[in-house]
S.K.: 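Please read through the structure below; I'll follow up with questions.
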Amino acid sequence: MPKQDKLDMRYLRMARIWAENSYCKRRQVGALLVKNKMIISDGYNGTPTGFENDCETPENTSKSYVLHAEANAISKVAKSHNSSDGSTLYVTASPCIECAKLIIQSGIKRVVYAEEYRITDGLDLLRRAGIELVYMPIDEQPKE
């Protein structure tokens, strides 16, 4: 197995573990931003800082202001002294259209994801922007 594939698997497994920090009940998503083999940012889906940790409405739909894991990781790196330009995003679920726009604008060059969401407009936009997409289902990943 190529070395890059092994690294991709490890970072994706770490993103899945990071997703466990999410308070969302319906779906927990984790993301890691990696540049030069260093994790420069992380994120998971949840409400903005200072808000209650409940992600769902009483009707069990996501609240409109819940941030996706990718958006949290990108905004976190924006507050740091790091640059996401040329980095790889590892995320447990494929990005939506809004996160895809953030990914493009932040200079991320690769997206490695573990689950394909039923709506593919985010992936379609990333392909159109020339961003490398790598689909790696976690459940099918062999142990090293």
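Quick note: residue numbers are just sequence positions, from 1. What you see is a predicted model, and the numbers here were worked out from it, not measured in a lab.
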S.K.: Does Met136 share a hydrophobic cluster with Ile17, counting links as ILVMFWY side-chain heavy atoms below 4.5 Å and allowing steps through other members?
M.R.: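 Met136 and Ile17: separate clusters.
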S.K.: Just jot down the side chain to side chain contact (heavy atoms under 4.5 Å, CB included) partners of Glu132, sequence neighbours excluded, or say none.
M.R.: Arg110, Val134
S.K.: Indicate whether any N or O donor in one side chain lies under 3.5 Å from an N or O acceptor in the other, for Glu59 and Thr57.
M.R.: yes
S.K.: How does the hydrophobic cluster around Met38 look, that is, which other residues are in it when side-chain heavy atoms under 4.5 Å mark a link?
M.R.: none
S.K.: Got a second to check how far Lys109's NZ is from Ile104's CD1, nearest 0.5 Å?
M.R.: 10.0 Å
S.K.: Got a second to check how far Ile119's CD1 is from Ile97's CD1, nearest 0.5 Å?
M.R.: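 CD1 of Ile97 is found 10.5 Å from CD1 of Ile119.
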S.K.: What closest approach, in Å, do Val77 and Leu33 show between heavy atoms, and which atom pair accounts for it?
M.R.: CG1-CD1, 3.9 Å
S.K.: What distance separates Leu89 CG from Ile74 CD1, expressed to the nearest 0.5 Å?
M.R.: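 One finds 6.0 Å between CG of Leu89 and CD1 of Ile74.
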S.K.: To the nearest 0.5 Å, how far apart are CG in Leu133 and CZ in Arg127?
M.R.: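 The CZ atom of Arg127 is 5.5 Å from CG of Leu133, to the nearest 0.5 Å.
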S.K.: Tell me which pairs pass side-chain hydrogen bond (donor to acceptor under 3.5 Å, both in side chains) where either residue lies in residues 68-87, with sequence neighbours left out.
M.R.: Asp42-Lys76
S.K.: Can you tell me if Thr92 uses its side chain to pair, donor with acceptor, with the backbone of Ala114 under 3.5 Å?
M.R.: no
S.K.: Report whether Val91 and Leu102 are members of the same hydrophobic cluster (ILVMFWY, side-chain heavy atoms less than 4.5 Å apart, transitive linking).
M.R.: yes
S.K.: Which atom pair, heavy atoms only, marks the closest approach of Pro95 to Ala100?
M.R.: CB-N, 4.4 Å
S.K.: Under the rule for ring pair (Phe, Tyr, Trp, His ring centres under 6.0 Å), what residues qualify as partners of Phe51, not counting sequence neighbours?
M.R.: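 Phe51: ring pair (Phe, Tyr, Trp, His ring centres under 6.0 Å) contacts with Tyr65.
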S.K.: Short question: side chain of Asn45, backbone of Val66 - any donor-acceptor pair under 3.5 Å?
M.R.: no
S.K.: Please determine whether residues Met14 and Leu12 belong to a single hydrophobic cluster, defined as Ile, Leu, Val, Met, Phe, Trp and Tyr linked transitively by side-chain heavy-atom distances below 4.5 Å.
M.R.: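 The answer is yes; both residues are in one hydrophobic cluster.
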S.K.: What pair of heavy atoms forms the shortest contact from Ala31 to Ala73, and how long is it?
M.R.: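 So the minimum-distance heavy-atom pair works out to CB-CB, 4.3 Å.
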S.K.: Search all heavy atoms of Leu32 against all heavy atoms of Ala15 and return the closest pair with its distance.
M.R.: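 Residues Leu32 and Ala15, closest heavy atoms: CD1-N, 3.8 Å.
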S.K.: Of all residues at least two apart in sequence or in a different chain, which pass the side chain to side chain contact (heavy atoms under 4.5 Å, CB included) check with Asn36?
M.R.: none
S.K.: Please lay out, stage by stage, how Arg13 and Tyr90 fare under the test side-chain contact (heavy atoms from CB on, under 4.5 Å).
M.R.: CA-CA 9 Å; Arg13 285 196 305 263; Tyr90 294 89; over 6 Å; no
S.K.: Drop me the distance from Asp121's CG to Cys96's SG, to the nearest 0.5 angstrom.
M.R.: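 The distance works out to 7.5 Å.
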S.K.: Can you name the closest pair of heavy atoms from Cys55 and Tyr23 and give their distance?
M.R.: SG-C, 4.1 Å
S.K.: Would you find a donor on one side and an acceptor on the other, under 3.5 Å apart, between the side chain of Arg26 and the backbone of Thr61?
M.R.: no
S.K.: Determine, using the 4.5 Å side-chain heavy-atom cutoff (strictly less than), whether Val112 and Ile39 are members of one ILVMFWY cluster.
M.R.: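 Yes: a chain of side-chain contacts under 4.5 Å links Val112 to Ile39.
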S.K.: Quick check: is Met9 connected to Val34 through a chain of hydrophobic side chains (ILVMFWY, heavy atoms under 4.5 Å apart)?
M.R.: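 Yes.
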S.K.: Please report the shortest heavy-atom distance between Ile131 and Val111, naming the atom on each side.
M.R.: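 Scanning both residues, the minimum pair turns out to be CG2-CG2, 4.0 Å.
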S.K.: Applying side-chain contact (heavy atoms from CB on, under 4.5 Å), run through Tyr113 and Leu123 and close with a yes or a no.
M.R.: CA-CA 10 Å; Tyr113 61 100; Leu123 292 175; 3.6 Å; yes
S.K.: Would you indicate whether the side-chain heavy atoms of Pro48 and Leu67 approach each other to under 4.5 Å?
M.R.: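 Side-chain contact under 4.5 Å: yes.
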S.K.: Can you tell me how far apart CD1 (Ile108) and NZ (Lys35) are? Round to the nearest 0.5 Å.
M.R.: 10.5 Å
S.K.: With sequence neighbours left out, what residues match Lys25 under salt bridge (charged side-chain N to carboxylate O under 4.0 Å, His left out)?
M.R.: none
